[in-house]
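Below: the structure, in structure tokens.
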2 protein chains.
Amino acid sequence: MPDIEDELAKQLWAIGDITRLRILRLLPDKADCEHGNNVSKIAEELNLSQPTISHHLRVLRQAGIVQHEKMCRDCFYWVDRDAARAVIERMEKLLLESEPVTKA
Amino acid sequence: MPDIEDELAKQLWAIGDITRLRILRLLPDKADCEHGNNVSKIAEELNLSQPTISHHLRVLRQAGIVQHEKMCRDCFYWVDRDAARAVIERMEKLLLESEPVTKA
DNA sequence: TTTAAATATTTAAATTCATCTATACGTTTG
DNA sequence: CAAACGTATAGATGAATTTAAATATTTAAA
């Protein structure tokens, strides 16, 4: 069964990449046409190809870290705050609450 | 220069592996002879070879997530709580505090 | 010192990942 | 309808990672 631990590992792995970390830093609070941070702009900002950024956004999307929507002709991504909070909470449980599991 | 962002990515990457996540779950609060969770015991618990666990512990050590010390003939590892808190704090800054960086 | 036990390191093989180029798909605009 | 723009997908390649096996190193006990 796909443990909850597997999901956490997947999410942390998704965030634990320097390119994806930089992408996350560029993403706005909420879908936002004004600033125009579409996929191509992010690619230009990070000096990587558009398909590469698209690939990384897909990884983040499949990990449930970001959401996206088509607006004003382009595609906009933003951080899913609820998912982010959940990840952080699980990390706190794992790293800060010790549970010395001694079997039987 | 090795950015602080690089370090965070490295740390999250280190934690974002299912085997290392399970290792972390087994580690005690502090170096602890009593429970006897040495490297070989962890290997047995997770059904992996001792060198494999040693390798993963090294990754976690180099990322500054765990500490280790030789005690009572064996080698004991534990989670570095301060480092863990620092990682969580940086994650909160990255994911929950939006900073729409618009250059110029 | 010899023996045994625990951990670290090295080596090698298989897998996985990041990235690019090329291309296809879907919208918007003329 | 056709051209242009933005995004996603596919295929390929080089690099990095995981893992086990073998070996070396360290430590404790006899």
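When the options B:Arg85, B:His68, B:Gln67 are evaluated for a side chain to side chain donor-acceptor pair (under 3.5 Å) with B:Asp80, the one that passes is B:Gln67.
In this structure, CG in B:Leu94 is found 6.5 Å from CG in B:Leu8, a value given to the nearest 0.5 Å.
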Practice task
List the steps and the verdict of side chain to side chain contact (heavy atoms under 4.5 Å, CB included) for A:Glu5 and A:Arg90.
Solution key: CA-CA 9 Å; A:Glu5 221 162 45; A:Arg90 283 180 202 161; over 6 Å; no

Practice task
Show the numbers, then the answer: is there a side chain to side chain contact (heavy atoms under 4.5 Å, CB included) between B:Phe76 and B:Asn38?
Solution key: CA-CA 6 Å; B:Phe76 291 96; B:Asn38 59 17; 4.2 Å; yes

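Contact of the B:Ile15 side chain with the A:Leu95 side chain is registered, since non-hydrogen atoms from C-beta on lie closer than 4.5 Å. Between A:Leu27 and A:Ile42 there is a side-chain heavy-atom pair separated by less than 4.5 Å.
Between A:Phe76 atom CZ and D:dA8 atom P the separation is 12 Å, expressed in whole Å. Nucleotide C:dA5 holds its P atom 15 Å from the CD atom of B:Glu44, rounded to whole Å. Atom-to-atom, CD1 of A:Ile23 to C1' of D:dT7 comes out at 14 Å; the value is rounded to the nearest Å. With rounding to whole Å, B:Ile53 atom CD1 is found 14 Å from D:dA21 atom P. Going from atom NE2 of B:His68 over to atom C1' of D:dT27 covers 14 Å, rounded to whole Å. Taking atom CG of B:Asn47 as the reference point, atom P of D:dT19 lies 13 Å away to the nearest angstrom. As rounded to whole Å, 16 Å separates atom C1' of D:dA8 from atom CG of A:Leu60. Atom NZ of B:Lys41 is separated from atom C1' of C:dT7 by 14 Å (rounded to the nearest Å).
Remark on the helix from C:dT1-D:dA30 to C:dG30-D:dC1: inter-end axis angle 30°, axes from five-pair C1' superpositions, rounded to 10°.
Side chain of A:Lys10 to backbone of A:Gln62: a donor-acceptor contact under 3.5 angstrom is found.
The shortest non-hydrogen separation linking B:Val59 to B:Ala14 is CG1-CB, 4.1 Å. Minimum interatomic distance between A:Trp78 and A:Pro28 (heavy atoms only, all atoms of both residues): CB-O, 3.6 Å.
In this structure, B:Tyr77 reaches the C:dA8 phosphate: one of its side-chain N or O atoms is under 4.0 Å from OP1 or OP2. Checking the phosphate oxygens (OP1, OP2) of D:dT9, a side-chain nitrogen or oxygen of A:Arg58 falls inside 4.0 Å. At least one side-chain nitrogen or oxygen of B:Ser54 sits closer than 4.0 Å to the OP1 or OP2 atom of C:dA8.
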Please enumerate all protein N or O atoms sitting under 3.5 Å from an N or O of nucleotides 16-19 of chain C, with distances to 0.1 Å.
{"residue": "C:dA18", "atom": "OP1", "partner": "A:Arg20", "partner atom": "NH1", "Å": "3.3"}
{"residue": "C:dA18", "atom": "OP1", "partner": "A:Arg20", "partner atom": "NH2", "Å": "3.0"}
{"residue": "C:dT19", "atom": "OP1", "partner": "A:Thr19", "partner atom": "OG1", "Å": "3.3"}
{"residue": "C:dT19", "atom": "OP2", "partner": "A:His56", "partner atom": "NE2", "Å": "2.3"}

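You won't find any donor-acceptor pair under 3.5 Å spanning the side chain of B:Gln50 and the base of C:dA6, going by distance alone.
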